[in-house]
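Inspection log for the structure reproduced underneath, given as structure tokens.
All chains are named by letter (A, B, ...) in the order of the sequence lines, taking the proteins before the strands, and each is independently numbered beginning at 1. Quick caveat: nothing in here was measured; it's all calculated off a predicted structure. Hydrogens, waters and symmetry mates play no part in the numbers below; they use all other heavy atoms, side chains included.
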Number of protein chains: 2
Amino acid sequence: MLRAAVALFIRKGYDATSIDDIAKSLNVTKSAVYHHVSSKEQLLAEVLDEALDELDSAVDAATRGTGPASERLRDVVRRSVEVLVAHQSAVTLLLRVHGNSDTEVAALRRRRRIDRALASLVNEAVEEGALRADLDPDVLSRLLFGMVNSLVEWYRPNGEISADQLASTVAALAFDGLVRA
Amino acid sequence: MLRAAVALFIRKGYDATSIDDIAKSLNVTKSAVYHHVSSKEQLLAEVLDEALDELDSAVDAATRGTGPASERLRDVVRRSVEVLVAHQSAVTLLLRVHGNSDTEVAALRRRRRIDRALASLVNEAVEEGALRADLDPDVLSRLLFGMVNSLVEWYRPNGEISADQLASTVAALAFDGLVRA
DNA sequence: GTCTATAGGAAGATAGAC
DNA sequence: GTCTATCTTCCTATAGAC
């Protein structure tokens with residue numbers, strides 16, 4: 001039921017998906033759907049919480065870690081990729097939220113906290129001397145996780161690339177760049 | 001009029017924005033809006049065409065160029081950043097399109113052509129030997145332009161960073177990576 | 001070019017039977 | 001748990017006056 005809703009939210013967008021669409025995709029009527037959920041917004045809230053909980057735990061592990069910031073950044077990049085792959089639907093919806101309802105505003109708030117924690121980590125790694133200091137660390141952070149997040153738009157788990165390979169590719173590109181060493 | 005519509009499409013999403021929302025933001029009535037445009041979808045089509053025309057021309061320049069592919073790739077990354085900054089609203093909407101109407105499907109088709117051209121360029125640059133060959137070129141292309149495209153979600157032209165600086169930062173990160181040289 | 005008024009339909013959500 | 005029927009609200013779009 002949640003799965004059917006999420007699939008439609010992703011394919012058509014949350015606003016363009018009606019409860020009737022969800023019902024039809026399950027071969028039942030709207031009323032049957034409303035027996036299981038109290039509102040369309042609640043469906044969205046559940047999915048967004050799934051994504052935020054996973055991202056929170058990935059970021060918390062990196063923030064609480066003891067090693068060098070650059071190593072913790074590498075870890076959180078890898079773990080983020082794994083979360084995006086394992087919870088792709090939920091994260092995809094999270095990344096598309098604009099703030100149109102209380103649910104969405106709350107999700108955006110949680111997301112901003114995560115983004116700030118990641119930016120702090122990048123700043124730390126630059127101050128440590130492990131990362132280049134000639135570029136604005138906040139911009140680097142945005143670009144780095146913009147790249148990571150973008151994979152929800154094209155990655156397909158059934159293809160040739162495993163989550164592990166993908167995480168390695170992302171980390172290699174982000175840390176060492178496109179140019180042949 | 002188009003500007004007002006686009007601002008709302010971005011803030012609330014296309015589907016969540018009604019013609020009445022657009023009218024109110026201009027202090028007129030719905031009917032006044034319909035005097036200027038034939039439908040809400042037509043408004044979207046105009047904006048998407050603006051974005052696609054600009055991106056097409058950036059990609060065409062790189063595709064038709066004669067120099068090494070790696071240099072043309074560098075150029076198209078820079079030019080893409082400039083296009084995203086100069087036409088941020090239009091590109092933002094393009095990147096959010098799902099294919100819910102004929103207009104959106106047509107836009108997605110044009111966008112896929114562009115993505116394929118960029119992927120070809122990355123492949124060429126790898127074959128040339130200028131870019132690392134240990135990572136899948138198609139994945140690299142997706143990640144690279146995923147990073148580039150992600151900037152529409154946070155870049156603000158009135159801030160401290162100029163489009164030129166941003167283009168340099170993106171190119172530096174993409175080609176040389178985060179790690180201190 | 002802008003207005004009021006309204007047509008026509010689709011949406012979220014509920015009531016109550018089975 | 002699922003149905004039919006319905007309420008209410010909102011939406012796109014048009015007609016016709018000024």
Side-chain angles (χ1 to χ4, degrees), chain A residues 1-52 89-90 92-108, chain B residues 1-51 89-90 92-94 96-108:
Chain A
M1 149 101 253
L2 193 67
R3 274 214 321 276
V6 169
L8 285 167
F9 289 168
I10 287 176
R11 178 144 34 97
K12 308 181 51 169
Y14 173 75
D15 290 300
T17 301
S18 69
I19 298 282
D20 203 39
D21 289 334
I22 300 168
K24 275 179 182 139
S25 88
L26 294 165
N27 281 314
V28 293
T29 60
K30 275 197 290 188
S31 302
V33 173
Y34 274 110
H35 180 77
H36 295 279
V37 301
S38 64
S39 71
K40 185 174 144 183
E41 201 173 327
Q42 186 217 314
L43 273 170
L44 181 63
E46 281 178 38
V47 185
L48 297 183
D49 277 336
E50 175 193 335
L52 286 161
S89 305
T92 302
L93 288 177
L94 175 64
L95 294 175
R96 290 183 185 170
V97 154
H98 299 315
N100 285 346
S101 62
D102 293 347
T103 300
E104 297 195 5
V105 170
L108 281 183
Chain B
M1 151 99 252
L2 192 69
R3 275 214 320 277
V6 170
L8 285 167
F9 289 167
I10 288 177
R11 177 143 35 97
K12 308 182 51 170
Y14 173 77
D15 291 300
T17 301
S18 68
I19 297 283
D20 202 40
D21 289 333
I22 299 168
K24 275 178 182 140
S25 88
L26 294 167
N27 281 314
V28 294
T29 60
K30 276 194 290 188
S31 302
V33 173
Y34 274 111
H35 180 77
H36 295 279
V37 301
S38 65
S39 73
K40 186 174 142 184
E41 201 174 327
Q42 185 217 316
L43 273 169
L44 181 63
E46 282 179 36
V47 184
L48 297 184
D49 277 336
E50 174 193 336
S89 304
T92 301
L93 288 176
L94 175 64
R96 290 184 184 168
V97 154
H98 297 317
N100 285 345
S101 60
D102 293 346
T103 301
E104 297 194 6
V105 170
L108 281 183

(message) In whole Å, I'd like the distance from the CD atom of B:E41 to the P atom of D:dC11.
(response) 18 Å

(request) Mark yes or no: A:K40 above the aromatic ring of A:Y34, with NZ or CZ under 6.0 Å from the six-membered ring centre and no more than 45 degrees from the axis. (result) no

(request) Would you check if the side chain of B:T103 reaches a backbone N or O of B:A45 as a donor-acceptor pair within less than 3.5 Å? (result) no

(message) Closest approach to the side chain of B:A32, judged atom by atom: which nucleotide of D:dC3, C:dA13, C:dC3 is it?
(response) C:dC3

(message) Closer than 3.5 angstrom, by distance alone: can the side chain of B:N100 be matched with the main-chain N or O of A:K12 as a donor-acceptor pair?
(response) yes

(message) Need to verify one output field. Residue with the more 5' nearest nucleotide on DNA chain C, A:S38 or A:A16?
(response) A:A16

(message) Rounding to an integer number of Å, can you tell me how far B:D15 CG sits from D:dC10 C1'?
(response) 14 Å

(message) Tell me the interatomic distance from B:H35, atom NE2, to D:dA15, atom P, rounded to whole angstroms.
(response) 15 Å

(message) Without decimals, in angstroms, what is the distance between B:D20 CG and C:dT4 C1'?
(response) 13 Å

(request) For the side chain of A:S31, starting at C-beta, report the closest nucleotide among D:dT4, C:dG12, C:dT4. (result) D:dT4

(message) Does D:dT2 have its OP1 or OP2 closer than 4.0 Å to a side-chain nitrogen or oxygen of A:T29?
(response) no

(request) Mind checking B:K30 for me? I need base, sugar-phosphate or nothing, with any heavy atom below 4.0 Å counting as a touch. (result) base

(message) The side chain of B:K40 is closest to which nucleotide in this list: D:dT12, C:dA13, D:dT2?
(response) D:dT12

(request) Check whether any side-chain nitrogen or oxygen of B:H36 sits under 4.0 Å from OP1 or OP2 of C:dT2, and answer yes or no. (result) yes

(request) Nearest whole angstrom, please: distance from the P of C:dG12 to the CD of A:Q42. (result) 15 Å

(message) The test is side-chain contact (heavy atoms from CB on, under 4.5 Å); show your working for A:D15 and B:Y14 and say whether it passes.
(response) CA-CA 9 Å; A:D15 290 300; B:Y14 173 77; over 6 Å; no

(request) Look only at the side chain of B:R96 and the backbone of B:I10, and say whether a donor-acceptor pair between them is shorter than 3.5 Å. (result) yes

(message) Looking only at the side chain of B:S18 (C-beta and beyond, no hydrogens), which of the listed nucleotides D:dA13, D:dG1, D:dC11 gets closest?
(response) D:dC11

(request) Report the distance from atom CD1 of B:I19 to atom C1' of D:dT14, rounded to the nearest whole Å. (result) 13 Å

(message) Rounded to whole Å, how long is the line connecting atom OH of A:Y34 with atom C1' of C:dA11?
(response) 8 Å

(request) Find the distance B:N27:CG to C:dC3:C1' and express it as a whole number of Å. (result) 14 Å

